[in-house]
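Heads up: the structure comes next, in structure tokens.
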Protein chains: 2
Amino acid sequence: MASTPVPAPTAPQAPQSAPRPALTERGRQKADRREAILTAAARLFAERGYAGVTIEDLGTAVGVSGPAVYRHFTGKSAVLAAILEGASRSLLDGGERVLAEAPDAATALRSLIRFHVAFALGEADVIAVQDRELEQLDPGVRHEVRSLQRQYVERWVDTLAELRPDRAEVELRFRAHAAFGLLNSTPHSARTPGRRPADGAVRGILEEMAWASLMS
Amino acid sequence: MASTPVPAPTAPQAPQSAPRPALTERGRQKADRREAILTAAARLFAERGYAGVTIEDLGTAVGVSGPAVYRHFTGKSAVLAAILEGASRSLLDGGERVLAEAPDAATALRSLIRFHVAFALGEADVIAVQDRELEQLDPGVRHEVRSLQRQYVERWVDTLAELRPDRAEVELRFRAHAAFGLLNSTPHSARTPGRRPADGAVRGILEEMAWASLMS
DNA sequence: ATTTTCGGTTAGTGTTCACTAACTCGATTC
DNA sequence: GAATCGAGTTAGTGAACACTAACCGAAAAT
């Protein structure tokens with residue numbers, strides 16, 4: 001299983017509302033800081049939970065203090081929203097990119113699994129947050145994120161349906177969710193370091209387990 | 001796969017410190033209320049997260065209000081501690097009971113899976129909390145819970161090692177964790193109701209997926 | 001060179017919330 | 001039957017924290 005190349009997980013990008021890309025010095029520094037806040041926030045939210053992190057923590061983590069964060073986000077929940085929207089958009093985009101290149105359903109499923117494993121290993125913090133803190137979102141954003149997640153799941157379900165037309169869609173959807181649970185377990189094991197196979201091996205094992213569980 | 005009977009998940013029980021079981025009226029009512037608080041707390045913590053639930057919420061959920069909870073627990077974190085200690089103890093006890101009766105490793109693994117599926121489906125709230133809120137515990141209790149969880153995992157690893165002596169222990173441990181991720185995904189799907197196979201089917205599918213992923 | 005913009009600062013402000021104090025009243029004990 | 005106990009109540013109290021106000025100074029625009 002060293003065939004189809006998998007696109008690297010895209011960095012979460014500002015959803016819309018880039019009022020001025022601004023090639024100016026300040027504009028670039030601002031974008032960098034925003035990105036730094038998002039990365040630090042993902043790590044902190046993953047470690048201590050959304051409610052366990054203060055705005056002050058967020059600022060301190062990137063070397064500014066407290067209310068400076070409000071120059072980049074309208075509030076604490078907007079930081080969470082940006083993380084989760086970015087994650088679900090990256091997953092959906094990546095999934096679609098992967099499917100567009102797959103010649104048949106079996107390859108498609110293999111590629112989806114490879115892509116998702118790469119994402120879960122590369123963005124463990126984001127995955128952990130996405131799993132845990134969906135409920136903390138404002139209703140509007142929550143609906144948006146749920147919609148993106150649903151679309152991503154449907155790509156898996158469609159692919160599985162080609163491979164196992166004998167099975168009901170509702171079963172395939174349930175199996176896809178269970179497989180996500182399996183693949184997204186890496187942040188958990190990552191929090192218990194040391195007791196884990198080498199990084200290269202982890203990829204292969206997860207891919208094997210996911211395939212076996214889905215097709216069993 | 002309708003053979004070995006699986007013991008029902010034990011209700012989480014008071015860890016130690018039962019200063020007086022007290023067959024008196026008041027004693028029984030107090031125990032009932034304590035139990036009611038734990039059940040309600042598990043549901044609320046699962047829904048809104050530990051930090052998203054107030055002591056007032058806990059009281060209201062069982063028909064008393066606010067500070068009455070302190071008659072049963074020394075504080076909010078003690079409620080979480082009781083839930084997580086109960087859960088990890090139930091899992092370990094159940095796992096050991098199941099292993100004691102298994103004639104061979106293959107049956108043992110099948111029984112472990114059946115037991116864990118039953119627990120995850122029956123105590124979805126507790127499972128969700130155990131997955132998400134471990135970090136919120138006071139260090140002492142956290143260490144205790146981690147130790148119990150570790151012992152439970154080791155039962156799985158030992159069983160797997162008999163079936164797959166060719167594989168390194170560290171891989172088997174990683175696989176066990178991934179399988180837990182798969183099995184513990186049910187609270188997630190449970191939060192998205194309707195879109196899920198009938199309860200009877202869910203059991204079988206999860207058991208099949210877990211077995212396939214572990215033995216692949 | 002002057003004005004404007006804006007990402008940063010420190011110092012509040014109002015609210016939420018865990019926990020405590022003081023008391024009440026029925027069940028338990030003597 | 002009187003004394004005690006203890007699970008409940010309501011009314012604080014203090015701390016943490018999201019967010020705002022007012023100001024500052026350098027980069028950007030004119």
Side-chain angles (χ1 to χ4, degrees), chain A residues 14 17-38 40-41 44-45 47-83 133 135-138 141, chain B residues 14 17-38 40-41 44-45 47-83 133 135-138 141:
Chain A
S17 76
R20 275 286 142 188
L23 289 131
T24 162
E25 175 74 12
R26 264 217 302 227
R28 224 173 312 119
Q29 285 190 336
K30 177 161 189 179
D32 287 356
R33 179 128 304 165
R34 184 192 154 93
E35 207 53 45
I37 293 174
L38 284 176
L44 290 171
F45 289 164
E47 275 171 14
R48 317 214 285 257
Y50 174 71
V53 177
T54 72
I55 291 278
E56 183 74 29
D57 292 334
L58 256 37
T60 306
V62 299
V64 302
S65 255
V69 175
Y70 290 97
R71 299 292 172 200
H72 302 274
F73 299 93
T74 62
K76 195 184 170 187
S77 72
V79 180
L80 181 63
I83 293 172
E133 314 284 359
E135 309 298 325
Q136 314 294 330
L137 281 177
D138 312 314
V141 190
Chain B
S17 75
R20 276 285 143 187
L23 289 131
T24 163
E25 175 74 12
R26 263 218 303 230
R28 224 173 312 119
Q29 284 189 338
K30 176 161 188 179
D32 287 356
R33 179 129 302 165
R34 185 191 153 94
E35 209 51 45
I37 292 174
L38 285 175
L44 290 171
F45 289 165
E47 275 171 14
R48 318 213 287 256
Y50 174 71
V53 177
T54 72
I55 291 278
E56 184 73 28
D57 292 334
L58 256 38
T60 304
V62 299
V64 302
S65 255
V69 175
Y70 290 96
R71 298 291 170 198
H72 302 274
F73 299 93
T74 62
K76 195 183 168 188
S77 71
V79 180
L80 181 63
I83 293 172
E133 314 286 358
E135 308 298 324
Q136 315 294 328
L137 281 178
D138 312 316
V141 191

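None of these values were measured; they are calculated from a predicted model. What you see below is based on every heavy atom in this structure, not just the backbone, and it leaves out hydrogens, waters and symmetry mates. Naming convention: chains lettered A, B, ... in sequence-line order (proteins, then strands); numbering from 1 in each chain.
- Across Ser65(B) and Glu56(B), no two heavy atoms sit closer than the pair OG-OE2, 3.4 Å.
- Between Gln136(B) atom CD and dA18(C) atom C1' the separation is 15 Å, expressed in whole Å.
- The interatomic distance linking Ile37(A) (CD1) with dG7(C) (C1') rounds to 11 Å, in whole Å.
- Within the structure, every pair that satisfies the ring-ring contact (aromatic ring centres under 6.0 Å, His included) test and touches residues 49-73 of chain A, not counting sequence neighbours, is listed here: Phe45(A)-Tyr50(A).
- The minimum heavy-atom distance between Gly66(B) and Ile55(B), with the atom names listed, is O-CG2, 3.7 Å.
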What pairs of nitrogen or oxygen atoms, one from the protein and one from nucleotides 26-30 of chain C, lie under 3.5 Å apart?
unit_1: dG26(C); atom_1: N2; unit_2: Arg26(B); atom_2: NH1; d: 2.6
unit_1: dT28(C); atom_1: OP1; unit_2: Thr24(B); atom_2: OG1; d: 2.6
unit_1: dT28(C); atom_1: OP1; unit_2: Glu25(B); atom_2: N; d: 3.0
unit_1: dT28(C); atom_1: OP1; unit_2: Arg26(B); atom_2: N; d: 3.1

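- Atoms CD1 (Ile55(A)) and P (dC19(D)) sit 6 Å apart, rounded to a whole Å.
- Between Arg34(A) and Ala82(A), the closest heavy-atom pair is NH2-CB, 4.0 Å.
- Pairing each heavy atom of Leu44(A) with each of Leu58(A), the nearest pair is CD1-CD1, 4.0 Å.
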Q: Heavy atoms under 4.0 Å is the rule here; annotate nucleotides 8-15 of chain D 5' to 3' with B where the base is hit, S where only the sugar-phosphate is, and - elsewhere.
A: BBBB----
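- If you measure from atom CZ of Phe73(A) to atom C1' of dG7(C), you get 14 Å, rounded to the nearest angstrom.
- Regarding Glu56(B), its CD atom lies at a distance of 11 Å from the C1' atom of dA18(C), rounded to whole Å.
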Q: Could you check Thr54(A) against Asp57(A) for side chain to side chain donor-acceptor pair (under 3.5 Å), going step by step and ending with a plain yes or no?
A: CA-CA 5 Å; Thr54(A) 72; Asp57(A) 292 334; 3.2 Å; yes
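- The closest side-chain heavy-atom distance from Val64(A) to Arg33(A) is below 4.5 Å.
- Shown here for Asp138(B) and Ser77(B), the closest heavy-atom pair between the two residues is OD2-OG, 3.2 Å.
- Proximity of a side-chain donor or acceptor of Gln136(B) to a complementary backbone N or O of Arg48(A) within less than 3.5 Å is detected.
- To the nearest angstrom, P of dA18(C) lies 14 Å from CG of Asp138(B).
- Rounded to whole Å, the distance from CG on Asp57(A) to C1' on dA18(D) is 12 Å.
- Residue Arg34(B) contributes atom CZ, which lies 16 Å from atom C1' of dG6(D) at whole-angstrom precision.
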